[in-house]
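What follows is a set of notes on a single structure, which appears directly below.
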Amino acid sequence: MAPIVSIRSLQDHVGEEITLQGWLYNKTGKGKLQFLQVRDGTGICQAVVFRDNVSPEAFEAGKALTQESSLIVRGVVRAEPRAPGVPGGYEVDARDVQAVSIAEPYPITPKEHGVEFLMANRHLWLRSQRQWAAMRVRATIIRGIREWLDGHGFLNVDTPIITPAAAEGTTTLFAIDYHGEKAFLAQTGQLYNEANIFAFGKVYCFGPTFRAEKSKTRRHLQEFWMVEPEIAFCDLEQLMEVEEQFVSHIVQKCLAECEPELKVLERDLTHLAKVTPPFPRIHYDDAVEMINDAAARGELVPGYPDPVPAIEWGDDFGSPHETYLAAQFEKPVFVHHYPTQVKAFYMEPEAGRPEVCRSVDLLAPEGYGEIIGGSERMSDAGKLVAAIEHHGLPRETYEWYLDLRRYGSVVHSGFGLGVERTVAWVCGLDHVRETIAFPRTLTSMRP
RNA sequence: UCCUCGGUAGCUCAAUCGGCAGAGCAUGCGGCUGUUAACCGCAGGGUUGUUGGUUCGAGUCCAACCCGGGGAGCCA
């Protein structure tokens with residue numbers, strides 16, 4: 001039997017007889033000629049079955065194939081500019097066709113479908129080109145994340161998913177029963193990360209995160225993946241430098257390695273090519289001014305029919321504010337020094353100006369929203385006790401966290417990057433549900 | 001939780017003023033040597049989300065409910 005070759009590497013086998021194993025994506029019959037679009041997980045390629053080149057049995061086998069039937073094709077690879085596919089440009093001149101399993105009438109056709117139907121058939125939808133491309137970009141982004149962190153002295157130390165208490169708001173936790181004790185699914189590994197840096201210097205955790213938010217928007221999932229690096233001896237300014245290097249690496253890696261996938265997604269690559277350090281930085285004070293100037297001019301939120309709403313200093317940004325701000329820049333933009341009152345208790349207040357804290361969010365361009373939230377952490381035990389009490393949090397729960405400030409405290413910072421929002425941005429997808437194989441949304445957890 | 005839009009064939013949609021339930025795709029059969037979501041011909045395929053109401057007559061109007069989409073708040 002001719003060697004089995006993946007569609008992704010067909011270009012290296014021109015003129016050779018090879019074997020393809022895969023599934024029928026689409027078919028065009030032309031009497032004595034059949035064009036079989038075969039996908040094998042690495043790409044899509046056309047097998048041309050000409051009646052005079054194959055046995056009558058093989059020709060009939062080809063004719064009998066339905067969409068998504070599994071098949072094996074033996075044939076000779078040739079370069080052919082007319083050949084469609086992913087990456088395309090090469091086709092297989094078939095010498096033999098075998099049906100492995102004839103598929104029953106397949107519900108997802110190459111035509112359009114609605115979201116409800118596609119989500120109900122998510123297990124099949126994943127076979128479609130765009131979903132295939134998005135999952136491959138996601139995997140590349142995850143490789144880029146680990147590659148950059150592992151290559152820059154970060155140790156991967158994963159944090160628990162079952163936790164006893166909330167780091168942030170208590171309304172968005174999924175509660176579980178832990179042998180009779182109430183426990184929660186983790187929203188962040190950050191507090192544990194802070195313990196880990198005192199052992200390992202620079203660490204990151206990477207795993208699923210759970211938020212029971214009643215959010216029904218294109219940017220929200222109940223279960224999403226987050227990578228959270230944490231760095232000892234690092235202040236806010238150094239943190240921003242890390243973030244922009246990190247994000248730029250991820251994006252540039254996708255551009256270098258996922259050209260066929262991004263083409264399937266019809267992504268405009270000129271936007272992504274601009275993602276290189278440094279990223280613009282704006283102070284919260286200036287951001288408020290920009291927003292209120294736009295509101296005074298009656299400017300519309302890009303992509304929405306509504307005007308930019310005015311904001312009062314001290315309030316957190318709403319979605320329309322973030323969308324407007326990000327649209328003013330070609331690259332991701334840092335917004336730093338948010339008001340202390342809208343941020344988590346552990347963020348370091350600015351020296352001499354405690355009403356703002358040393359926090360920074362990174363907003364993705366083109367309306368993809370906040371992809372990173374981070375800050376310099378409070379490093380003084382006394383100030384941290386006061387913050388815990390001010391937020392009405394139970395001090396006992398945080399004793400171990402306070403210990404970190406008692407035994408060799410240092411300036412340290414960290415951030416969390418949401419994988420799904422990053423994938424949506426890089427892929428140009430309009431909804432995060434397409435950035436993970438089996439999304440958990442407010443209204444759906446099946447299949 | 002609130003605002004907003006929708007639910008008709010397996011799928012995507014149409015149905016004028018309240019008056020015979022219709023098309024494309026998919027499926028089956030036939031035709032074609034360069035198709036790119038092929039095309040041409042023929043065929044099968046319907047409890048119009050549910051319940052109730054108005055009416056000679058309801059996919060269409062009214063009420064309640066169910067399900068889904070988009071958005072807000074909150075967040076990555």
Side-chain angles (χ1 to χ4, degrees), chain A residues 25-37 44-53 63-64 66-68 80-86 88-89 91 93 103-121 124-125 128-129 168-172 187-188 190 208-228 301 303-306 309 315-323 342-344 361-364 368-374 415-425 430-433 435 441-444:
Chain A
Y25 193 65
N26 201 359
K27 179 174 76 169
T28 304
K30 280 280 297 176
K32 294 182 203 166
L33 196 57
Q34 298 169 30
F35 298 97
L36 309 179
Q37 306 279 329
I44 299 177
C45 117
Q46 171 168 278
V48 183
V49 186
F50 180 42
R51 194 168 64 185
D52 295 353
N53 286 347
K63 274 177 77 172
T66 54
Q67 189 188 354
E68 288 303 318
E80 168 55 71
R82 288 174 296 184
V86 182
E91 65 184 18
D93 185 16
E104 294 175 26
Y106 191 66
I108 301 179
T109 69
K111 297 277 182 177
E112 43 189 299
H113 296 283
V115 171
E116 188 179 2
F117 174 77
L118 290 171
M119 284 298 291
N121 289 284
L124 303 177
W125 189 21
S128 300
Q129 270 194 71
E168 289 161 24
T170 49
T171 55
T172 61
Q187 287 185 318
T188 169
Q190 187 213 310
T209 289
F210 308 89
R211 299 204 182 161
E213 289 166 356
K214 302 277 187 217
S215 299
K216 202 176 62 170
T217 82
R218 67 181 71 184
R219 297 180 305 280
H220 289 88
L221 293 172
Q222 303 291 294
E223 177 183 307
F224 67 96
W225 285 65
M226 184 157 71
V227 58
E228 295 178 273
V301 180
Y304 295 86
D306 312 310
D315 287 346
D316 204 356
F317 297 137
S319 246
H321 299 129
E322 283 186 358
T323 303
V342 302
K343 288 293 182 181
D361 286 353
L362 185 67
L363 309 182
Y368 285 96
E370 183 184 340
I371 54 171
I372 287 181
F415 65 93
L417 173 120
V419 170
E420 286 74 17
R421 287 188 186 175
T422 306
V423 176
W425 166 47
D430 61 9
H431 202 299
V432 289
R433 70 177 154 235
T435 65
T441 66
L442 182 61
T443 52
S444 165

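Each chain gets a letter, A, B and so on, in the order the sequences are listed, and its residues count up from 1.
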Check your understanding: With a 4.0 Å cut-off on heavy atoms, is A:G85 in touch with a base, just the backbone sugar-phosphate, or nothing at all?
Key -> nothing

Point to revise | Base B:G70 paired with A:K216 side chain (donor-acceptor, <3.5 Å) | key: yes

Check your understanding: Contact class for A:E322 (heavy atom, under 4.0 Å): base, sugar-phosphate, or nothing?
Key -> base

Exercise for review: Write down the distance between CD (A:E91) and C1' (B:G34), rounded to a whole number of angstrom.
Suggested key: 8 Å

Revision key, fill the gap. One should read off an interatomic distance between A:H113 NE2 and A:N121 CG, to the nearest 0.5 angstrom, of 9.0 Å

Practice item. Could you tell me whether the side-chain ring of A:F35 sits stacked on the base of B:G34, using a centroid cut-off under 5.5 Å and a plane angle under 30°? Key: no

**Study point:** Atom-to-atom span, CG of A:L362 to C1' of B:C75 - whole angstrom
**Key:** 15 Å

Exercise for review: Please measure how far the P atom in B:G6 lies from the corresponding atom in B:C13, and state the result in whole Å.
Suggested key: 13 Å

**Study point:** Separation between CE of A:M226 and CZ of A:F415, rounded to the nearest 0.5 Å
**Key:** 11.0 Å

Practice item. Quote, to the nearest angstrom, the C1' distance that separates B:A26 from B:G10. Key: 7 Å

Check your understanding: P atom, B:G44 versus B:G24: distance in rounded Å?
Key -> 14 Å

Check your understanding: Going from CD on A:E91 to CZ on A:R82, what distance comes out if it is rounded to the nearest 0.5 angstrom?
Key -> 7.5 Å

Exercise for review: Report which part of the nucleic acid A:E80 touches: base, sugar-phosphate, or nothing (heavy-atom distance under 4.0 Å, all strands).
Suggested key: base

**Study point:** Minimum heavy-atom distance between A:Q222 and A:E213, given as atom pair plus value
**Key:** NE2-O, 2.8 Å

Point to revise | Side-chain N,O (A:T443) to OP1/OP2 (B:G69) below 4.0 Å | key: yes

**Study point:** Minimum heavy-atom distance between A:Y25 and A:Q67, given as atom pair plus value
**Key:** O-CG, 3.6 Å

**Study point:** Separation of B:C2 P from A:L442 CG (nearest whole Å)
**Key:** 14 Å

Exercise for review: Rounded off to whole Å, could you give me the NE2-to-C1' distance for the A:H431 and B:G70 pair?
Suggested key: 9 Å

Check your understanding: Within the structure shown, what part of the strands sits under 4.0 Å from A:N26 by heavy-atom distance: base, sugar-phosphate, or nothing?
Key -> sugar-phosphate

Point to revise | A:A83 or A:F317, whichever maps to the more 5' nucleotide of RNA chain B | key: A:A83

Exercise for review: Could you measure between the two C1' atoms, the one in B:U8 and the one in B:U47, and give it in whole Å?
Suggested key: 12 Å

Check your understanding: Can you tell me if A:T188 and A:E228 form a side-chain donor-acceptor pair at under 3.5 Å?
Key -> yes

Practice item. Taking atom P in both B:A21 and B:A64, compute the distance separating them and give it to the nearest angstrom. Key: 29 Å

**Study point:** Closest non-hydrogen atom pair between A:T435 and A:A424, with its separation
**Key:** CG2-N, 3.6 Å

Enumerate all atom pairs, one protein N or O and one N or O from nucleotides 9-15 of chain B, separated by less than 3.5 Å.
unit_1: B:C11; atom_1: O2'; unit_2: A:E112; atom_2: O; d: 3.4
unit_1: B:C11; atom_1: O2'; unit_2: A:H113; atom_2: ND1; d: 2.3
unit_1: B:U12; atom_1: OP1; unit_2: A:G114; atom_2: N; d: 2.9
unit_1: B:U12; atom_1: O4'; unit_2: A:E112; atom_2: O; d: 3.4
unit_1: B:U12; atom_1: O2'; unit_2: A:E112; atom_2: OE1; d: 3.4

**Study point:** Whole-Å distance separating the CZ atom of A:F415 from the P atom of B:A76
**Key:** 13 Å

Revision key, fill the gap. The residue, A:K27 or A:D52, whose nearest nucleotide of RNA chain B is more 5′ is A:D52

Point to revise | A:P84 versus A:Q37, closest heavy-atom pair with distance | key: CG-NE2, 3.5 Å

Practice item. Please state the P separation for the pair B:G52 and B:A58 - nearest whole angstrom. Key: 14 Å

Review point. Within the structure shown, what part of the strands sits under 4.0 Å from A:Q46 by heavy-atom distance: base, sugar-phosphate, or nothing?
Key: base

Check your understanding: Heavy atoms under 4.0 Å, any strand shown: does A:R219 hit a base, just sugar-phosphate, or nothing?
Key -> base

Exercise for review: To the nearest 0.5 angstrom, please state how far the OG1 atom of A:T443 sits from the NZ atom of A:K214.
Suggested key: 11.5 Å

Review point. If you take atom types as modelled and just measure distance, does the side chain of A:S215 reach the base of B:C75 with a donor-acceptor pair under 3.5 Å?
Key: no

Check your understanding: Can you find a side-chain donor-acceptor pair between A:S444 and A:R433 that sits under 3.5 Å?
Key -> no

Exercise for review: Could you tell me whether the phosphate oxygens of B:U1, OP1 or OP2, come under 4.0 Å of any side-chain nitrogen or oxygen in A:K214?
Suggested key: no

Revision key, fill the gap. Writing each nucleotide of RNA chain B 5' to 3' as (, ), [, ], | or . by Watson-Crick or G-U pairing under 3.5 Å yields (((((((..((((.....[..)))).(((((.......))))).....(((((..]....))))))))))))....

Review point. What nucleotide, of B:G70, B:G28, B:G34, holds the atom closest to the side chain of A:T66?
Key: B:G28

Point to revise | From CZ (A:F117) to CG (A:L124), nearest 0.5 Å | key: 8.0 Å

Practice item. Quote, to the nearest angstrom, the P distance that separates B:U60 from B:A9. Key: 15 Å

Check your understanding: Starting at NZ of A:K63 and ending at C1' of B:G28, how long is that distance when rounded to a whole Å?
Key -> 13 Å

Point to revise | Below 4.0 Å: OP1/OP2 of B:C75 and any side-chain N or O of A:R218 | key: no

Exercise for review: Assign A:L221 to base, sugar-phosphate, or nothing according to its heavy-atom contacts below 4.0 angstrom with the strands shown.
Suggested key: base

Study note, to complete from the structure: Atom CZ of A:R433 and atom P of B:G68 are separated, to the nearest Å, by 12 Å

Exercise for review: Identify whether any heavy atom of A:D306 sits under 4.0 Å from a base atom; if not, whether one sits that close to sugar-phosphate; answer base, sugar-phosphate or nothing.
Suggested key: nothing

Point to revise | Pairwise distance OG1(A:T28) to CG(A:L33) - rounded to 0.5 angstrom | key: 9.5 Å

Revision key, fill the gap. Separation of B:A76 atom P from A:Q190 atom CD, nearest Å, is 10 Å

